[in-house]
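Below are the structure tokens for one structure; questions will follow.
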Amino acid sequence: MSEVKLAAETRTEFGKGAARRIRRDSKVPAVVYGHGGDPVHITLPGHELLLALRTPNVLLSLELEGKTQLAIPKAVQRDAIKGYLEHVDLLLVRSGEKVNVEVYVQTEGDLAPGAYLLEHVLSTLTVEAEATHIPESVTVSIEGLEAGASILAKDIPLPEGTILAIDEDAVVLQVLAAQAEEAPAEGEGDEAAEA
């Protein structure tokens, strides 16, 4: 898991106008909370934060007023059209502390030959992991699976120190037989053409 260092600044202005001014300065308004303390309103460098958030479950090392604190992103708000960061909620964590996070499920291998479709019932798994060792993703083999096969949460190998935080019998992936379109019955196509 990667750790990204960011210089944070405490912010004292709030509201839409203040948030717009912050974003105009290429920064992102954020809130840091956790460990029973009051939420702290900060600004973070926009470009560096955007690059850091490309890594799922990135661990952020925040330099704030001479202290360094570890945090993970909990909620990220983006502009729906332009995609820039509008606001980020961060959760404070400590080394060794367990946190619940969602990790992406990736597949490897090929389904059995034939007309089969792989359905991702869950694209992420909720797991409990140490804050400084959160996996970016988990990988499961689908090699040779046929229609009717399914992979449950308990079937997915997890990295050491990571445990499931969802029902172990939850279906994550399933293989379906492709449905062929039925040819129109004799006479139905003629009626459609006449209409």
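Side chains included, hydrogens not; waters and symmetry mates left out as well; all remaining heavy atoms used. Just so it is clear, the structure is predicted and the values come from calculations on it, not from any experiment.
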Measuring from Leu111:CG to Glu146:CD, what's the distance to the nearest 0.5 Å?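 So the gap between those two atoms works out to 9.5 Å.
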
Qualifying residue for side chain to side chain contact (heavy atoms under 4.5 Å, CB included) with Leu173, from Val121, Leu152, Leu122, Ile151: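 For Leu173, the side chain to side chain contact (heavy atoms under 4.5 Å, CB included) test succeeds with only one of Val121, Leu152, Leu122, Ile151, which is Ile151.
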
To check you understand the geometry: which heavy-atom pair defines the closest contact between Tyr116 and Leu145, and what is its length?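 Scanning both residues, the minimum pair turns out to be CD1-O, 4.3 Å.
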
Tell me, do Val76 and Leu53 make a side-chain contact under 4.5 Å, heavy atoms counted?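 Of all side-chain heavy-atom pairs linking Leu53 with Val76, at least one is under 4.5 Å.
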
Answer whether the closest heavy-atom distance between the side chains of Val138 and Leu125 falls below 4.5 Å.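 Yes, at least one pair of side-chain atoms sits under 4.5 Å.
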
Donor-acceptor check, side chain of Asn57 to backbone of Glu102, threshold 3.5 angstrom: yes or no?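 Between the backbone of Glu102 and the side chain of Asn57 there is a qualifying donor-acceptor contact (under 3.5 Å).
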
Going by heavy atoms in the side chains, are Glu63 and Gln69 under 4.5 Å from each other?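 When only atoms from C-beta onward are counted, Gln69 and Glu63 do not touch, as no gap falls below 4.5 Å.
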
Give me the one residue out of Val101, Leu90, Thr132 that meets side chain to side chain contact (heavy atoms under 4.5 Å, CB included) with Ile72.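 Of Val101, Leu90, Thr132, side chain to side chain contact (heavy atoms under 4.5 Å, CB included) with Ile72 is met by Val101 alone.
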
Have Glu128 and Thr162 got a donor and an acceptor in their side chains that come within less than 3.5 Å?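 Checked: Glu128/Thr162 side chains show no N/O donor-acceptor pair below 3.5 Å.
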
Got a donor-acceptor contact below 3.5 angstrom from the Arg11 side chain to the Ala30 backbone?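 Flag set: sc Arg11 to bb Ala30 pair under 3.5 Å.
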
When rounded to the nearest 0.5 angstrom, what is the spacing between OH in Tyr33 and CG in Asp38?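 The CG atom of Asp38 is 14.5 Å from OH of Tyr33, to the nearest 0.5 Å.
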
Test side chain to side chain contact (heavy atoms under 4.5 Å, CB included) applied to Val88 and Leu49, step by step: CA-CA 10 Å; Val88 178; Leu49 181 60; 3.8 Å; yes

Could you tell me whether the side chain of Glu130 and the main chain of Gly96 form a donor-acceptor pair under 3.5 Å?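 Side chain of Glu130 to backbone of Gly96: a pair is present.
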
Using 0.5 Å steps for rounding, measure from the NE2 atom of His133 to the NZ atom of Lys98.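 Nearest 0.5 Å value for the NE2-NZ distance: 10.5 Å.
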
Set out, in order, the CA-CA distance, both residues' side-chain angles and the distance that settles side chain to side chain contact (heavy atoms under 4.5 Å, CB included) for Val105 and Val140, then state yes or no. CA-CA 7 Å; Val105 177; Val140 63; 4.2 Å; yes

Considering the options Val4, Leu6, Val40, Thr68, which one meets the side chain to side chain contact (heavy atoms under 4.5 Å, CB included) requirement together with Leu62?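 That would be Leu6.
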
Those residues that, when tested against Glu119, pass side chain to side chain donor-acceptor pair (under 3.5 Å) (two or more places apart):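 Listed in chain order: Gln174.
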
For His47, I'd like to know if atom NE2 has over 12 heavy atoms of other residues, nucleotides or ligands within 6.0 Å.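 For His47, atom NE2 is not crowded (no more than 12 foreign heavy atoms under 6.0 Å).
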
Between Val103 and Ser137, what is the shortest heavy-atom contact and its length?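 In terms of heavy atoms, the two residues are closest at CB-CA, 4.3 Å.
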
Within the 4.5 Å heavy-atom criterion, are Leu158 and Pro135 side-chain neighbours or not?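 With C-beta onward as the side chain, the pair stays apart.
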
Are Leu50 and Ile22 joined in one hydrophobic group, where the rule is that I, L, V, M, F, W and Y side chains link up if heavy atoms are under 4.5 Å apart?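 As far as the 4.5 Å side-chain criterion goes, Ile22 and Leu50 are not connected within one cluster.
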
To the nearest 0.5 Å, what is the distance between CG (Leu60) and CG (Leu92)?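 Reported value, rounded in 0.5 Å steps: 11.0 Å.
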
Work out which heavy atom in Ala7 is nearest to a heavy atom in Pro45; give both atom names and the distance.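 Closest pair (atom of Ala7, atom of Pro45, distance): O-CD, 3.2 Å.
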
With a 4.5 Å cut-off on side-chain heavy atoms, are Ile142 and Asp110 touching?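 No, every pair of side-chain atoms sits at 4.5 Å or beyond.
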
Where Arg78 and Leu85 come nearest, the two heavy atoms and their spacing: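 Scanning both residues completely, I find the closest heavy atoms to be NH1-CD2, 3.7 Å.
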
Atom NE2 in His87, atom CZ in Arg23: separation rounded to 0.5 Å?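 One gets 9.0 Å once the value is rounded to the nearest 0.5 Å.
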
Under 4.0 Å between a Lys/Arg side-chain N and an Asp/Glu carboxylate O for Glu48 and Lys5?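 Salt bridge flag = no for Lys5 with Glu48.
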
Does a side-chain heavy-atom distance below 4.5 Å link Val58 with Pro73?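 They are in side-chain contact.
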
Where do Glu136 and Thr55 land on the side chain to side chain donor-acceptor pair (under 3.5 Å) test, with the steps shown first? CA-CA 7 Å; Glu136 290 182 19; Thr55 303; 5.1 Å; no

Would you please test Ile134 and Val99 for side chain to side chain contact (heavy atoms under 4.5 Å, CB included) and show each step? CA-CA 9 Å; Ile134 298 172; Val99 293; 3.8 Å; yes

Could you go step by step and tell me if Leu70 and Arg94 meet the side chain to side chain contact (heavy atoms under 4.5 Å, CB included) rule? CA-CA 6 Å; Leu70 296 176; Arg94 293 187 183 106; over 6 Å; no

Find out whether Val31 and Ile42 are in side-chain contact, i.e. whether some heavy atom of one side chain is under 4.5 Å from a heavy atom of the other.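 Sidechains of Ile42 and Val31: no contact.
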
Measure the CD-OG1 distance between Glu108 and Thr139 for me, rounded to the nearest 0.5 Å.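 Nearest 0.5 Å value for the CD-OG1 distance: 6.0 Å.
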
How would you list, by chain and number, every residue that makes a side chain to side chain donor-acceptor pair (under 3.5 Å) with Arg21, sequence neighbours excluded?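 Arg21: side chain to side chain donor-acceptor pair (under 3.5 Å) contacts with Glu13.
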
Strictly by salt bridge (Lys or Arg N to Asp or Glu O under 4.0 Å), give each pair with a member in residues 151-163 just once, sequence neighbours left out.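 Every pair satisfying salt bridge (Lys or Arg N to Asp or Glu O under 4.0 Å) with a residue in residues 151-163: Lys154-Asp169.
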
